[in-house]
Amino acid sequence: MTKGMFPEDFLWGAATSSYQIEGAWDADGRGPSIWDEFCRQPGRVVGGDRGDVACDSYRRYADDVALLKELGAQVYRFSVSWPRVFPSGTGAVNRAGLHYYHHLVDALLAQGIRPFCTLYHWDLPQALQAKGGWENRATIDAFVEYSDLLFREFHQKIDLWITFNEPFCSSFVGNYFGIHAPGKTDLAAALACAHHQLVAHGLAATRFRQLVAQGKASGSLGIAPNITWAEPYTESEADRQACLRSIQWSWDWFLDPVCLGAYPEPLLTWFANHGVHPPVVEGDWEAIKQPLDFVGGNYYCASVNLHDATPAGGLLESSQVDMGWEKSDNGWPLTPEGFTRSLVRIANKYRGLPIYITENGLCLNDAQDQRRIVYLDQHLRALARALAQGVPVKGYLAWSLLDNFEWAEGYSKRFGLVFVDFSTGTRTPKPSFYWYRDQISEFGRTPTTVSK
Ligand code: BGC
């Protein structure tokens, strides 16, 4: 790679999320989340693993910041655990939980690392789930209350905000496929969750703009959907439509409402033909369609799909074809070309919208780590090809800084640049950590310092 491939002001960093790394599940007044509850249900998570301790970042955050410093990271994406701040989801604030994030953010700022905060990375307070969770419109108001608190609290400390991480997962994977918390298998419920997350995003964005106008909050705000590319197996219209439905589900279903003010066709009709509709009420479109400052994209892999009306094709009648390509240790094909194509598609569809790659990385359990280096190298080159075509990518955050709790896969799948011994919490940088550090030092500019 050469220096000119990335803009001077491109931001380099790494990402994590609260439930996956913090542990300390009941410390200092934290309330339970839906993942605490889900992990305790037999058979939900591989090995019966739970996030009770995870990487213990709640206590070891200074170690994580030191690692970020050693990496040369300019930006660190983390998420706030909603039940740590509002143990009951709404109402009384747990100041001790809030203090943890102040300590973390202050430690980052002291090292010149810019905090990039995700408000919702799937750990809904269980108290809200008990009242219907995202199926219940009241959760929208609770999310705005929670967002409002964080925007004000971290005014002049955090200037990059994401409302929802991969809302496809927290609505459909959690409520239709039943693989993630809360573990439901009800399409109508999942559509309601997705719709209410969109309204919550829009109302939180509106609140953010109001606070910025009043000088009480600062920075820019976006949303981070899954970017999952699908290439048709043949040139047939049926295969093309099967791919389009797949892309529309994970990605357009969220970005089209926010950016274009409508759910995407033909998926809306497809769902309607299955007897389900998003529960839109008057005023929702005005709430949802709010200007974004940027879109966050999480890209891992692409697939080749064909139209398949048998049960194997699932709801979308879209089956993935195994092309025999090399795969990661969680079975995802290595497809950097899909990264370039996804980025070009975003740029063409939502013109001018800046993009941050908020996650990209490889599941690899081999401590030798060579394949992770190859993956990162290939994906950075794919990103550079998109940049060369004029796609406005502003930064790249590797997933993940640390090996961590990989949701339904528990601790059986490792994505970290840093190896974590989960029995002791010891962190050991892998070869890919040093490789990525060298890329940052080669291509990155001096880290920006954000005033406190
Ligand atoms: C999520 C992360 C997850 C990663 C790897 C994304 O779906 O945002 O939380 O660990 O991909 O599966």
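What you see below is based on every heavy atom in this structure, not just the backbone, and it leaves out hydrogens, waters and symmetry mates. Atoms within a ligand are numbered from 1 in the order they appear, just like the ligands themselves.
In this structure, a donor-acceptor pair under 3.5 Å is present between the side chains of His201 and Thr163. At a cut-off of 3.5 Å, with distance as the only test, a side-chain donor of Thr335 or Tyr299 sits close to an acceptor on the other residue.
Counting the atoms of ligand 1 from 1 in the order shown, those under 4.0 Å from a heavy atom of Glu406 are 3 (C), 5 (C), 10 (O), 12 (O). Residue contact check: Phe415 has heavy atoms under 4.0 Å from atoms 5 (C), 12 (O) of ligand 1. The distance from ligand 1 to the heavy atoms of Tyr300 drops below 4.0 Å at these ligand atoms: 4 (C), 5 (C), 6 (C), 11 (O). Shown in contact with Gln20 at under 4.0 Å from a heavy atom are these atoms of ligand 1, numbered in order with element: 2 (C), 3 (C), 9 (O), 10 (O). Near His121, the atoms of ligand 1 lying under 4.0 angstrom from a non-hydrogen atom of the residue are 1 (C), 2 (C), 8 (O), 9 (O).
For atom 7 (O) of ligand 1, the closest heavy atom belonging to the protein is Glu166 OE1, 2.6 Å. The protein heavy atom nearest to atom 1 (C) of ligand 1 is Glu359 OE1, 3.3 Å.
Residue Tyr233 qualifies as open at atom OH: its count of foreign heavy atoms under 6.0 Å is 12 or below.
Outside the 6.0 Å centre-distance limit, the rings of Tyr19 and Trp122 are not counted as a close aromatic pair.
Ligand 1 has no N or O atom lying under 3.5 Å from any N or O atom of Asn404, backbone or side chain.
At a 4.0 Å heavy-atom cut-off, ligand 1 touches Asn165 through the side chain alone. With a 4.0 Å cut-off on non-hydrogen atoms, Trp332 touches ligand 1 through its side chain and not its backbone.
One finds the SG atom of Cys259 at 12.0 Å from the CD1 atom of Ile288 (value rounded to the nearest 0.5 Å).
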